[in-house]
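To start, the structure itself, in structure tokens.
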Amino acid sequence: MADARAVGETLAPGDEAEGNVAIAGRLMARRGQGGTVFADLGDRSGQIQVWATLDRLGDAGLSLLADTHLGDIVGVRGTVVRTRRGEISVAADAVEMLAKALRPPPDRHAGLRDPETRYRQRYLDLMASEDVRAQFVTRAHAITGIRRFLDERGFIEVETPALQPIYGGAAARPFITRHNALDRDLYLRVATELYLKRCIVGGLEKVYELGKDFRNEGVSFKHNPEFTMLETYEAYADYEDVAGMLEQMVSRAAVEATGGMIVPWKGGQIDLTPPWRRVGLIAALREASGIDVMEHRDAADLQARMRAVGLDAPDGAPWSKLVDGILSQALEPSLVEPTILMDYPLELSPFAKRREDDPGLVERFEAFCGGMEIANAFSELNDPDDQRERFAMLQADRAAGDDEAQPADEDFLTALEHGMPPTGGLGLGIDRLTMLLTDRHSIREVILFPAMRT
RNA sequence: GGGCCGUUAGCUCAGUUGGUCAGAGCAGGGGACUUUUAAUCCCAAGGUCCUGGGUUCGAAUCCCAGACGGCCCA
């Protein structure tokens, strides 16, 4: 169809091109006029008009076209012409019904607006809206850009289990499923982290996995129970190296997806050009909330301070959750321009290496953009004894009622005991990145079939 | 989990204080028309007003409960 339009571009009104073309697509509109039928066919590249006359197509062919319904998939053979009114068209010599539509397409002019129908019957949304189609093409290009970037830097893409006997790598509740033959429960992964680090132990050195994680949580404008995550691990790198790589990778994705590094966002714009602003987490929290979390190391104490400044602070939450609460309530929404928050308290980061100059902090950063967290990275903890202690801290949180605290993974500890080189790791939320690159403000707009109540 | 809003024809939507309120456009059906562009014209058809209760002489409209969805908050 695109080829036929290209041929037509060379024609003057009333002219006919040499040679035959064959096109096929969905019937978008039809205008009858007795012995003449005009039909607009659409495909992924756009639309083209079909011009059919009784003289040229014959009685049977014209009847077939006159009996079509909007939404039918139709094939046409003919020549490319430009009509008197200047419309590039295919003058039909033969028409063929390729697939009949028994249900009507969405309204041609009003489009499909009901969000529920748009998400539940996304095919109608795609059918009705070129913007929506473009949206998912952009997503695909961003992902392709990320894969190319990583492949060019010597990373290899690996696949690790989605069904896991024990889950870990993120603070989240898992989905539980059943393996009948093994007669045991398995978990859908909440992260790929612990398996990818096993790959690093084994010497693959630079690995990434781009796939689905599953977290048993509610839905919101930025949460879907299954979502797409990129994780990368690079031996002999640290979190500073990873921060530089992330900036380059996101810029690359932006260029491949949108053609530039400045993207529109909520009426303004965001410049993704590296380097991004970097600021210490503790200082940023202090500036945003007036609270220096390192001076309130007791959960009850911090909770009181938070409530004193008007922040929500749930009862019984561990200290780490409270700090995260300050971050998400007081700081995150204001981080619109790309910002990297560096150096997190150890309690929030069970898999990150301690800073040598301050063992209460770890070499971790999170990247924020558009008021959302888009990436999380650290110098990976590769000391098995320290890792064992971190798991013990999580068990204490769990015993205290934090049901997002993950269980200890002895098999992972065994892997670390075989020696893991110093490694820089990264997690990048692909859905949120796509939101950012396409100026969409709900994760449902960037997932083809978002989770819906049934 | 909380607050607010929404649900009327296949699609997009009107429907006033409770009283010709079951409506429009498009789509779909029948007909006219051989260069149209949301073609035009004529004709006919199309409904569990989300569901279930309640108030009332009378409910799409008011009240209660529920389902589903959206936005905001947690």
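Just so we're on the same page: letters track the sequence lines, and every chain starts at 1. Note: hydrogens, waters and symmetry copies are ignored here, and every other heavy atom, side chains too, is used. Please read all numbers here as calculations on a predicted model, not as lab measurements.
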* Asked: Is any side-chain N or O of A:Glu87 under 3.5 Å from a base N or O of B:U35, one able to act as donor and the other as acceptor?
  ->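 No such pair is found, so the answer is no.
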
* Below 3.5 Å, does any donor atom in the side chain of A:Thr53 face an acceptor in the base of B:U35, or the other way round? -> no

* Name the pairing partner of B:U20, where a pair is Watson-Crick or G-U wobble with both distances under 3.5 Å, or state none. =>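 Across any shown strand, B:U20 pairs with none.
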
Whole angstroms only, please: what is the [atom1]-[atom2] distance between [X] and [N]?
X	N	atom1	atom2	result
A:Phe38	B:A38	CZ	P	13 Å
A:Leu27	B:G28	CG	C1'	13 Å
A:Lys100	B:A27	NZ	P	15 Å
A:Phe221	B:G69	CZ	P	19 Å
A:Arg84	B:U36	CZ	P	7 Å
A:Trp51	B:U36	CH2	C1'	10 Å
A:His441	B:C73	NE2	P	14 Å
A:Asp114	B:G10	CG	P	14 Å

* Asked: Does A:Arg31 put a side-chain nitrogen or oxygen below 4.0 Å from OP1 or OP2 of B:A39?
  ->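 True: A:Arg31 side-chain N/O within range (under 4.0 Å) of B:A39 OP1/OP2.
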
* Within the pair A:Arg113 and B:C13, is there a side-chain N or O less than 4.0 Å away from OP1 or OP2? -> yes

* Residues in side-chain contact (heavy atoms from CB on, under 4.5 Å) with A:Arg84, at least two apart? -> none

* To do: Using heavy atoms and a sub-4.0 Å distance, could you list which residues of residues 116-135 of chain A are near RNA chain B? By number, please.
  => A:Glu116, A:Tyr119, A:Arg120

[X] has a side chain; which of [options] sits nearest to it?
X	options	answer
A:Asp107	B:C72, B:C26, B:U36	B:C26
A:Gln49	B:C71, B:G70, B:U37	B:U37
A:Arg444	B:C11, B:G28, B:G70	B:G70
A:Ala29	B:A39, B:U34, B:U35	B:A39

* Asked: If we take the C1' atom in both B:G30 and B:A44, what is their distance in whole Å?
  ->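 Rounded to whole Å, the distance is 7 Å.
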
